[in-house]
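The next block holds one structure in the form of structure tokens; read it before the comments.
Protein chains get the first letters and strands the later ones, always in sequence-line order, with residue 1 at the start of each.
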Number of protein chains: 2
Amino acid sequence: MGVTMPTTSPDFPDRLRAAGLRPTRQRVALARLLFESGHRHVTAESLHVEVKASRMPVSLATVYNALNQFRDAGLLREVVVAPGRSYFDTNTGHHHHFFVEPDGELHDFPSEKVTIAGLPTPPKGTRLARVDVIVRVRR
Amino acid sequence: MGVTMPTTSPDFPDRLRAAGLRPTRQRVALARLLFESGHRHVTAESLHVEVKASRMPVSLATVYNALNQFRDAGLLREVVVAPGRSYFDTNTGHHHHFFVEPDGELHDFPSEKVTIAGLPTPPKGTRLARVDVIVRVRR
DNA sequence: TGCAGTATTTAGAACAGTTCTAAACTTCTT
DNA sequence: AAGAAGTTTAGAACTGTTCTAAATACTGCA
Ligand SMILES: [Mn+2]
Ligand SMILES: [Mn+2]
Ligand SMILES: [Zn+2]
Ligand SMILES: [Zn+2]
């Protein structure tokens, strides 16, 4: 007793099982890096560098597999802001992004503060899927 | 006098010279395809297919060179909406996009009708460059 | 008009990010 | 513990884009 438990006990094996994914060592290691601190924006390469430096190195192919599976399971969302490179975002809630060029840094901003009015109706035969606002800024 | 000249002259050699680019046959052929009808959204590959079918075929490297140069000269703007592929947009004015997945079609919509209010201020040390709104829709 | 100087084009090589292959290994169920 | 199914991995393959360097075209000036 007296030991501080995190308010949300992140049992990664359980969270992965709940998402329909076997909690392998590799997926658990990646999930820890992604989800145990605050929201993050990673690329496959940046996450691979991180996990290689850890106690449970993981191949690049597995990093790609896991990122795609986590995204398909709704644990991550993919953000496309720059040619030739995908970002994966642990914040799956409704929000938008600052993109700092040329650094390639992404920062969230809440969508509650932003009002978008007057969007035209989707083209015939299509349904709205998502509205992305990317505020591009430069140093 | 009195006759209104179109702001966009159809003299492609002159327009290219004005942009600081030598009016080579290849650039003129590409400029014609891009600019002589209404606004367009092309990829390097789609434009290469088009120009190959024309009287003045152009290598893929030249298509890439020209698209990048036209963009740098302000004749085109680059739009990143999907991983692994850049679109080039002949509409350089202020506007936003519908992106139809999974077709990969881009459609403009005017930014005048849209109001974006409450955007947060850019992070310290950065200046606003552009705000992109991408309305993702699905069939 | 011809020439020299510079810019451009090109095929193919190279590169970067991502996906695929198939053999080895792990996890799950019984 | 054993079998079945899912996962990981190294390396090959693939896609979109850029680079290389030799050949060609454009331009300004004689
Ligand atoms: Mn993907
Ligand atoms: Mn580019
Ligand atoms: Zn985000
Ligand atoms: Zn457009």
Side-chain angles (χ1 to χ4, degrees), chain A residues 11-31 33 41-52 54-73 75-76 78-88 102 104 106, chain B residues 11-31 33 41-52 54-73 75-76 78-88 102 104 106:
Chain A
D11 186 333
F12 291 111
D14 279 358
R15 286 180 64 183
L16 290 171
R17 265 184 223 102
L21 297 166
R22 285 194 184 175
T24 64
R25 294 155 198 256
Q26 290 88 342
R27 295 208 273 228
V28 171
L30 293 170
L33 290 174
H41 301 95
V42 303
T43 63
E45 192 55 46
S46 77
L47 184 60
H48 186 225
V49 167
E50 256 187 86
V51 80
K52 268 194 299 188
S54 80
R55 212 62 69 87
M56 177 68 220
V58 170
S59 78
L60 182 58
T62 297
V63 172
Y64 274 105
N65 288 341
L67 287 173
N68 287 330
Q69 291 153 351
F70 290 4
R71 177 205 54 212
D72 293 347
L75 268 36
L76 290 178
E78 191 170 359
V79 183
V80 180
V81 282
R85 173 175 253 97
S86 270
Y87 289 78
F88 289 86
L106 267 187
Chain B
D11 187 336
F12 292 110
D14 278 358
R15 286 179 65 183
L16 290 170
R17 266 184 223 102
L21 297 167
R22 286 193 184 175
T24 63
R25 296 155 195 246
Q26 290 87 343
R27 295 209 272 228
V28 171
L30 293 170
L33 289 174
H41 301 94
V42 303
T43 63
E45 192 55 47
S46 78
L47 184 59
H48 186 225
V49 166
E50 257 187 86
V51 79
K52 268 192 300 187
S54 81
R55 213 62 68 85
M56 178 67 220
V58 170
S59 78
L60 181 59
T62 296
V63 172
Y64 274 104
N65 289 341
L67 287 172
N68 287 331
Q69 292 153 351
F70 290 5
R71 177 205 53 213
D72 293 347
L75 268 36
L76 290 178
E78 190 169 358
V79 182
V80 180
V81 282
R85 173 174 255 98
S86 270
Y87 288 78
F88 290 86
L106 267 186

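The CZ atom of A/R71 lies 5.0 Å from the CD atom of A/E78; values are rounded to the nearest 0.5 Å. B/Y64 contributes atom OH, which lies 10.0 Å from atom NE2 of B/H48 (distance to the nearest 0.5 angstrom).
Between the P atom of D/dT8 and the CG atom of A/L60 lies a distance of 13 Å, rounded to the nearest Å. The nearest whole Å value for the distance from the NE2 atom in A/H48 to the P atom in C/dA16 is 16 Å. Atom pair B/L30:CG and C/dT10:C1' shows a separation of 14 Å (rounding to whole Å applied). Rounded to whole Å, the distance from CD on B/Q69 to C1' on D/dC19 is 14 Å. The distance between atom CE of B/M56 and atom P of C/dT8, rounded to the nearest whole Å, is 15 Å. Protein atom CG of A/L16 is 10 Å distant from nucleotide atom P of D/dT8, rounded to whole Å. Rounded to an integer number of Å, the gap from CG of A/N68 to C1' of C/dT19 is 9 Å. Atom pair B/R27:CZ and D/dT24:P shows a separation of 19 Å (rounding to whole Å applied).
For B/N65, no side-chain nitrogen or oxygen approaches OP1 or OP2 of C/dT9 to under 4.0 Å. Checking the phosphate oxygens (OP1, OP2) of D/dT17, a side-chain nitrogen or oxygen of B/Y64 falls inside 4.0 Å. Under 4.0 angstrom from either OP1 or OP2 of C/dA16 there lies no side-chain N or O belonging to A/R85.
Projected onto DNA chain D by closest heavy-atom contact, B/E45 and A/A66 fall at different nucleotides, the more 5' of which corresponds to A/A66.
Here the side chain of B/A61 is nearest to one of D/dT17, D/dC19, C/dT18, namely D/dC19. The nucleotide whose nearest atom lies closest to any side-chain atom of B/S59 is, among C/dT18, C/dT10, D/dT9, C/dT10.
Between the side chain of A/R17 and the backbone N or O of A/P23, no donor-acceptor pair lies under 3.5 Å. Proximity of a side-chain donor or acceptor of A/Y87 to a complementary backbone N or O of A/G104 within less than 3.5 Å is detected.
Residues A/V51 and A/S54 form a side-chain contact, since some pair of their non-hydrogen atoms from C-beta on lies under 4.5 Å apart.
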Which letters describe nucleotides 25-30 of chain D, given B = protein heavy atom under 4.0 Å from base, S = only from sugar-phosphate, - = neither? -BS---
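Nearest heavy-atom pair across A/A66 and A/L30 is CB-CD1, 3.6 Å. Nearest heavy-atom pair, B/H41 versus B/L106, reported as atom, atom and distance to 0.1 Å: ND1-O, 3.6 Å.
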